[in-house]
Structure formats: C-alpha cells, structure tokens
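Heads up, the thing below is written out as structure tokens.
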Number of protein chains: 2
Amino acid sequence: MYAATALSNPPPKIDVSGLALCRGLARQAASRIVAVSTLQRAKAGETLFSEGDDADGVYEVVTGMLRLYKLLPDGRRQITGFLGTGQILGLAPEGTHVYSAEAINDVTLCRYPRAGFERLIDEVPGLARRLLAVTSHELRAAQDQMLLLGRKAAAEKVASFLLLMADQQGNDDEIALPMGRSDIADYLGLTIETVSRTFTKFKTEGLIALPTTYRVEIRDRDQLEDFASGQGDPEL
Amino acid sequence: MYAATALSNPPPKIDVSGLALCRGLARQAASRIVAVSTLQRAKAGETLFSEGDDADGVYEVVTGMLRLYKLLPDGRRQITGFLGTGQILGLAPEGTHVYSAEAINDVTLCRYPRAGFERLIDEVPGLARRLLAVTSHELRAAQDQMLLLGRKAAAEKVASFLLLMADQQGNDDEIALPMGRSDIADYLGLTIETVSRTFTKFKTEGLIALPTTYRVEIRDRDQLEDFASGQGDPEL
DNA sequence: CGCAAACTTGATGTTGCTCAAGCTAGGTGG
DNA sequence: CCACCTAGCTTGAGCAACATCAAGTTTGCG
C-alpha cells in the first residue's frame, strides 16, 4: 500500500504520476523533473537538514510526516509546520535553509538536487509558476498560523489544530496524530500540559474521543469549529 | 523628495528603474511590466482591500506604509506585516485575498492589474522566478514571526520589533514608527498597555530613547539584540 | 514482566491581560 | 495666539490564563 513498503531495498520505479511537484505540468515537463530526482528515506527522529545549512535541494514528502521548526538559543522551539504526503520543502532561493526539518515517523522523500533543479526552473515551462503556487499556499498557511499564535486562546488553538489535521487527511472525523504532545505544544505556542488538559476537556465535553494517544475522533465538528474561530462557549 | 510630492495631480512619468518588482529583470522585460502598471494613492486609514475580496491585482508600495492583517469574528486582530517602499502585496494565485490591507499613513502604490499581470508571468522571462523570490522572502519573515509569536516573551517581542524596523529602514539607530501602539500590539500578539510598559522599561534602562511617540532612538543595540534572541538579562 | 518514555493530573506561581484613571500632543476654533 | 478638546499613550491595581513544578499513570517495547 505504501511506497515505502514497495521500496524496501532495492528501490523500484517511482510512480511518476503521483509526484505533487509535477501536478498540472505537461507530461514531458514532468518527466524532465523526475529525471533529476532521487528517492531518499529517513528514520523516525532523523534530521534532514538544520537551519543555516546550505540548501542542497528541494524535497517532496512521499510517505510519512516531517516537522519543520526554528529554535531560540536557549532551546525554545517553534514548529512552523507538519508536512505530509505531497508537500514540498527546502525551497531556499537565498541558499541556506531557514528552518530545520526532522522526520516524525519513518519517511520517504523525493529529492531534487539543487544544481539540476535550478536549471529546470528556467527551462521547464510552468515549473516556476507551480512553485509560486506552492509558496503562496505555504504563505497563506503561515498567516493563519500567525493569527492563531498571536490572538487565539489555548482551547481555540487546539480546536484549530484538530480541524487542520482532519482537513489535511481528508477523512472527516478520524484523525491520526503521528506527532507527540510536545510537537503539538511547540506548534501551538503552548506547553504539553496545557495541550493535554485541553484534549481531556474536549473529551469530557464530548467534542472528541481519544481511542489512543495518537488517534482522535471528532464527535462534534460544529462546536469544534466554533471554538476554532473564537466563538466557542467560554463557559466550557 | 518623495514621489508622492511630485505626483500631486496630474501624475507624471514613473521612475521605472525604481520599481522593485522589476529588480534584476532585463530592460525589455521591465518595460513590459511597467506598461500594464498604474499609479494609485491611498490616504491614511484607507482600506486597499479586505480579506476575502477578489484579488484584482498586485501592488507595490512606492511611498508610505501599509499594514496587512487578519481578523477573528469577534474583532481580535493579528497584523501579519508592515509594508514599506519596494514591498509587494496582493499575490493571490487562488483568486481571493487572504488578508486585509490598510494605509497607515498616506501611501503611493504601483498597481499591476490581474488580467495583464497573469499573462506576463508566463511571457516575461524571469518574472515568475522574481515572484518566487519575493514570496520565499515573505515566507521566511512569516516563520520568524511565528517563532516570535509562539515562543518569545513580551520584552523579547518588542526588542525584535525595534530591530526589525531599524533593519527595514537602513539607518542604524533612529527609527520612525508610523504606526500607533495598537498596531504594534496587534503585530506582536500583545496589548497596547504591555507594549507601552515595555517601551518605558527599555527607556528607563537606557536601551532606547523616545524623542516622540513615533520615533525611537536605539541606544544599546547589543543588549537589545540579546533581548531579541532571548538572552536578555531576566533581572531587568 | 519490567522498564523507560511519554502522557495525564494536581498544586502553585508568574506573566501579561483587564479595567480604570491620568496624561500628553496635536488639531481646532474662538 | 492660546485655550480647549479629543484621540492615543502611559501608568496603576487586581486578576485570569497559562506556565511551572511535581507526582502519578499509561503505553509500548525489550
């Protein structure tokens, strides 16, 4: 089912049509991009690259999930995003990565080395535009996250997070959370204790169920959406 | 001195070479872009467009300063950026603006209407790539801001803000703050009272001087930088 | 079955928010 | 030209939300 399974040594042909970076491009354009790409794997917890490293290429997540983050000198961490299948990372026109990237679980990636990729941007029609769409979409997500971090209360942050995850995963009310509580806390600008307490509160109120620590079931999406937009019942 | 002054009815020729959007493009490419552009002005407090509006075009700030922001239904506001001379806004590949834009003081803009601009992206060599650089740079700023909003304490936020403004303005220790305290508060995820108290504290400690409400002089950049990166003396 | 890591729950503390007065500067009209 | 007026800034006192510190408890793995 997963490409990762099929890939277990030695890696066979990639399913070209599935690469998100090529979505919307002509067949010939897509095949030129695929030509420079290589598959890469990372184990859970492994670091792909760190903030400040030379950007050696662009990556696309094939399976698994990554966390992107920035650190303060004293170790405080802000996770800027969780990336799943089809999402792009590593675009760094200024030459160095501005965030670190780690695998949350085992991850398969498609890597486009910098050298070849840079050339393709100018040569492959539509590619620059496709990348523009990708970064614009990321920018939009970043702005939503700024609103969340700057102006939402803890319960509103957690509700927004659950709905975002549900959205990313398509399936409406059964969410997988591959990341731990401390990743969630560092994504929402909270502590793990506050995240945990809020989960418990939502469970007690019947908004969600927690079959396991890493799995959430949405029970009352409407009320969760009210919370996420700041209209939740403050009594709860 | 300002283009705004020179422009007072009727607008004369634009100084093409000064348009930031065209930076790095060939002369002929630049002139095609300028051909579709029009000048536009906005008074202090005026709204350029609101979140959810159809994106009718791309803008470049020529003089003055804008605030970009998002709102929650109950009126809580998060300012996602302050834009000065040479900065681009309004790129919205999905067709609608994802933030609102207002003039802080009187502003002069260069507007590239959507219709013509879309075509140019495909036709003008290097333009798509130039736009990619612009959005990548914005994305970088957005990620810095996420770290600030999620993980920095009040004094660290204010110190970071002052240094950012100093940076944007080039001149090292005399900063103009065209925006009011409530704009600063909504940018940093604080209240105006906390911003005001922190300014007073920095002044008392000799890190800054406040000749007027809208003007800051940096007196001890090193210590301000320590604060901004979270290494400031917690005793202060 | 035992161990360690991660999560949950509880008690207490602190930062920054809220509410409430003053204060100041800039603009207006007498 | 000056006094007034108002919007915005500053300052203060009390409070609430979330962080911190400290045990327990669960989960998954060897």
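Chain naming here is simple, since letters A, B, ... match the order of the sequence lines and numbering starts at 1 in each.
- Nucleotide D:dA19 holds its P atom 13 Å from the CZ atom of A:R76, rounded to whole Å.
- OP1 or OP2 of C:dA25 has not a single side-chain nitrogen or oxygen of B:Y214 nearer than 4.0 Å.
- Atom-to-atom, CZ of A:R181 to P of D:dT27 comes out at 12 Å; the value is rounded to the nearest Å.
- A close approach under 4.0 Å does occur between a side-chain nitrogen or oxygen of A:T191 and OP1 or OP2 of D:dA19.
- Nearest heavy-atom pair across B:Q168 and B:F82 is NE2-O, 3.7 Å.
- Side-chain N/O atoms of B:R197 and base N/O atoms of C:dT18 include a donor-acceptor pair closer than 3.5 Å.
- Across the protein-nucleic acid pair, B:R151 atom CZ and D:dT20 atom C1' stand 13 Å apart, rounded to whole Å.
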Q: List the steps and the verdict of side chain to side chain donor-acceptor pair (under 3.5 Å) for B:Y69 and B:E51.
A: CA-CA 8 Å; B:Y69 63 91; B:E51 189 177 348; over 6 Å; no

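- Listed pair B:T194 / C:dC17 meets the phosphate criterion, a side-chain N or O lying under 4.0 Å from OP1 or OP2.
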(Q) Is there a side chain to side chain contact (heavy atoms under 4.5 Å, CB included) between B:L163 and B:I218? Walk through the geometry before answering. (A) CA-CA 9 Å; B:L163 292 169; B:I218 293 184; 4.2 Å; yes

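- Distance B:I184 CD1 to D:dT10 P: 9 Å, rounded to the nearest Å.
- Evaluation of atom-type donor-acceptor distances gives no pair under 3.5 Å for the side chain of A:R215 against the base of D:dT27.
- In this structure, CD of A:E193 is placed 15 Å from P of C:dA11, rounded to the nearest angstrom.
- Using a 4.0 Å heavy-atom cutoff across all strands shown, A:T212 reaches no nucleic acid atom at all.
- Here the C1' atom of nucleotide C:dT15 and the NZ atom of B:K201 are 11 Å apart, to the nearest Å.
- Side chain of B:T200, nearest nucleotide from C:dC7, C:dG16, D:dT10: D:dT10.
- The interatomic distance linking B:I192 (CD1) with C:dT18 (C1') rounds to 11 Å, in whole Å.
- Considering only side-chain N and O atoms, B:T213 lies nowhere under 4.0 angstrom from the phosphate OP1 or OP2 of C:dT24.
- In this structure, CG of A:L149 is placed 15 Å from C1' of D:dC18, rounded to the nearest angstrom.
- Using a 4.0 Å cut-off between charged side-chain N and carboxylate O, B:R215 and B:E217 make no salt bridge.
- The pair A:R77-A:D183 meets the salt-bridge criterion, since a charged nitrogen lies less than 4.0 angstrom from a carboxylate oxygen.
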